[in-house]
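Read through the structure below, which is laid out as structure tokens, and then see the notes.
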Amino acid sequence: MKAGCSIGEKPEGGGGYPFPDWAYKTESSPGSRQIQLWHFILELLQKEEFRHVIAWQQGEYGEFVIKDPDEVARLWGRRKCKPQMNYDKLSRALRYYYNKRILHKTKGKRFTYKFNFNKLVMPNYPFLNVRTSGKMQSLFMGN
DNA sequence: GCCGGAAGCG
DNA sequence: CGCTTCCGGC
């Protein structure tokens, strides 16, 4: 029923909001205060209810696998009010992250990408309590 | 499936 | 700018 497509849209699972509101707005540069794709991916990754859809890959820090590409695309499309979203389009957006040095593809592995946390510029992002199993703590020490 | 150019949108 | 859409090519 109706398209509740506004900025106040809540994520699925309604209730536990991982990141505060200020985490979504990029105060400085973008101009848009819309959620970014990598923010959304991280949001899904730190919730157990989405482990069947997307999850951290064991062994490699920052590496994650999209187990259900269609579902991730659907959730992303719902969030951005883009019903026609699919993995083909979503992955194109992900590919643009390669140059931005936010993401990197794990070649050979299907639906597998990796965050470049060690380079991720986040002077404005003191958030990210990303804990897969307490293994990602030393992720942000580099640089 | 994955890549990246190209055009377009807000 | 940050995607979204479309698509030829591998």
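Owing to the predicted nature of the structure, the values given are computational and were not obtained by experimental measurement.
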Query raised in the report: Minimum heavy-atom separation for A:V65 to A:R110, with atom names?
Result: CG1-O, 4.0 Å
Query raised in the report: Between A:K89 and C:dT4, is there a side-chain N or O to OP1/OP2 distance below 4.0 Å?
Result: no
Query raised in the report: To the nearest Å, how far apart are A:N99 CG and B:dA6 P?
Result: 14 Å
Requested in this report: Answer yes or no: is there an ion pair linking A:E43 with A:R79, defined by an N-O contact shorter than 4.0 Å?
Outcome: yes
Requested in this report: Figure out the CD1/C1' separation between A:I35 and C:dC1, and round it to whole Å.
Outcome: 17 Å
**Report entry** First encountered from the 5' end of DNA chain B, between A:R92 and A:K109
**Finding:** A:K109
Query - A:K80 vs C:dT4: side-chain N/O to OP1/OP2 distance below 4.0 Å - result: yes
Report task. Can you tell me the distance, in whole Å, between the CD atom of A:Q36 and the C1' atom of C:dC3? Result -> 9 Å
Report task. Provide, to the nearest angstrom, the distance between the CD atom belonging to A:Q34 and the P atom belonging to B:dG10. Result -> 12 Å
Query raised in the report: Once you round it to whole Å, what is the distance between P of C:dC1 and OH of A:Y97?
Result: 15 Å
Report task. Remember a base hit wins even if backbone is also touched, and classify A:K107 as base, sugar-phosphate or nothing at under 4.0 Å, heavy atoms. Result -> nothing
Report task. May I have the distance from A:K82 (atom NZ) to C:dC3 (atom P), rounded to whole angstrom? Result -> 12 Å
Report task. Would you classify A:L90 as touching base, sugar-phosphate or nothing, given that sugar-phosphate means primed atoms plus P, OP1 and OP2, and contacts are heavy atoms under 4.0 Å? Result -> nothing
Query raised in the report: Nearest to the side chain of A:L37 - C:dC6, B:dG1, C:dC3?
Result: C:dC3
Query raised in the report: Does the separation of the ring centres of A:Y113 and A:Y97 fall below 6.0 angstrom?
Result: no
**Report entry** Rounded distance (Å) that lies between atom P of B:dC2 and atom CD1 of A:I66
**Finding:** 8 Å
Query - OP1 or OP2 of B:dG4 under 4.0 Å from side-chain N/O of A:R95 - result: no
**Report entry** Residue-phosphate contact under 4.0 Å: A:W76 side-chain N/O, C:dT4 OP1/OP2
**Finding:** yes
Requested in this report: Please check the phosphate of B:dC3 (OP1 and OP2 only) for any side-chain N or O of A:Y98 closer than 4.0 Å.
Outcome: yes
Report task. Rounded to the nearest angstrom, tell me the gap between atom CG in A:D68 and atom P in B:dG1. Result -> 12 Å
Query raised in the report: Should the pair A:Y87 and A:F111 be assigned to parallel (<30°), tilted (30 to 60°) or perpendicular (>60°) ring geometry?
Result: perpendicular
Report task. Consider the side chain of A:Q84, meaning its heavy atoms from C-beta on, and name the nucleotide among B:dG1, C:dT5, B:dA6 that approaches it most closely. Result -> C:dT5
Requested in this report: Quick one: do A:W56 and A:L45 satisfy side chain to side chain contact (heavy atoms under 4.5 Å, CB included)? Show the steps, please.
Outcome: CA-CA 7 Å; A:W56 293 113; A:L45 280 168; 3.6 Å; yes
Query - Out of C:dC3, B:dG1, B:dC3, whichever nucleotide has its closest atom nearest the side chain of A:F111 - result: B:dG1
Report task. With DNA chain B as reference, determine whether A:Y96 or A:S91 sits nearer its 5' end, using the nearest nucleotide of each. Result -> A:S91
